[in-house]
J.: 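What follows is a structure written as structure tokens; I'll ask about it next.
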Amino acid sequence: MLETYTAFIENDLHDIWMLLEERRFSEAYQRFAPVWEDMLGIYEEAEWLDYLGQQSTELEEGPLRLHLAAWADCCLEPGLV
């Protein structure tokens, strides 16, 4: 079962990076709004676009991976994600 969660997390992580790389910011916000709400406290697309426009803003893979795991109801026991 953990393998299934890990596959979902990896797919979501890949999708996020691809959407951001392709500058499809609105789609990234809409598809993953619950993650941005929990992780960043962003509740509107305008806030998301503002966040991405900040020079010092960068999404780090570790925290993003943990939030995706929590969003998928995956166990957050250290070393499992």
Side-chain angles (χ1 to χ4, degrees):
M1 183 143 186
L2 182 59
E3 293 83 17
T4 302
Y5 282 122
T6 302
F8 284 127
I9 294 164
E10 293 303 318
N11 286 338
D12 286 345
L13 193 59
H14 176 265
D15 290 349
I16 289 169
W17 292 140
M18 291 304 297
L19 289 169
L20 295 178
E21 185 175 296
E22 294 171 0
R23 303 187 62 78
R24 294 165 48 195
F25 303 134
S26 292
E27 186 177 345
Y29 174 78
Q30 292 167 3
R31 284 185 56 193
F32 298 97
V35 175
W36 311 135
E37 290 173 7
D38 292 342
M39 182 176 172
L40 304 170
I42 292 175
Y43 297 94
E44 296 179 9
E45 188 173 340
E47 291 177 300
W48 168 245
L49 296 174
D50 184 51
Y51 174 83
L52 292 175
Q54 296 175 13
Q55 292 291 342
S56 62
T57 300
E58 183 177 314
L59 290 172
E60 294 186 24
E61 185 173 337
L64 181 54
R65 184 181 298 277
L66 287 173
H67 278 80
L68 288 171
W71 188 46
D73 292 328
C74 184
C75 176
L76 290 180
E77 185 175 330
L80 293 181
V81 179

J.: Give me the atom names and distance for the closest heavy-atom approach of L19 to R31.
T.: CD1-NH1, 3.8 Å
J.: For E60, look at atom CD and say whether over 12 heavy atoms of other residues, nucleotides or ligands are found less than 6.0 Å away.
T.: no
J.: Give a yes or no answer on whether the side chain of H67 reaches the backbone of P63 with a donor-acceptor pair at less than 3.5 Å.
T.: yes
J.: Which class fits the ring pair Y29 and W48: parallel under 30°, tilted 30 to 60°, perpendicular over 60°?
T.: tilted
J.: Mind listing the closest non-hydrogen atom pair of L20 and A28 along with its distance?
T.: CD2-CB, 4.2 Å
J.: How far does CZ of F32 sit from CD of E27, to the nearest 0.5 angstrom?
T.: 9.0 Å
J.: Nearest 0.5 Å please: distance from the CG atom of L13 over to the CZ atom of R65.
T.: 5.0 Å
J.: Going from CD on E61 to CG on L66, what distance comes out if it is rounded to the nearest 0.5 angstrom?
T.: 10.5 Å
J.: Is D50 close to I42 at the side-chain level, that is, under 4.5 Å between some pair of heavy atoms?
T.: no
J.: To check you understand the geometry: which heavy-atom pair defines the closest contact between W17 and L59, and what is its length?
T.: CH2-O, 3.6 Å
J.: Decide whether L49 and Y51 are clustered together by the hydrophobic rule: side chain heavy atoms of Ile, Leu, Val, Met, Phe, Trp, Tyr closer than 4.5 Å, transitively.
T.: yes
J.: Report the distance from atom CD of E37 to atom CD of E47, rounding to the nearest 0.5 Å.
T.: 9.5 Å
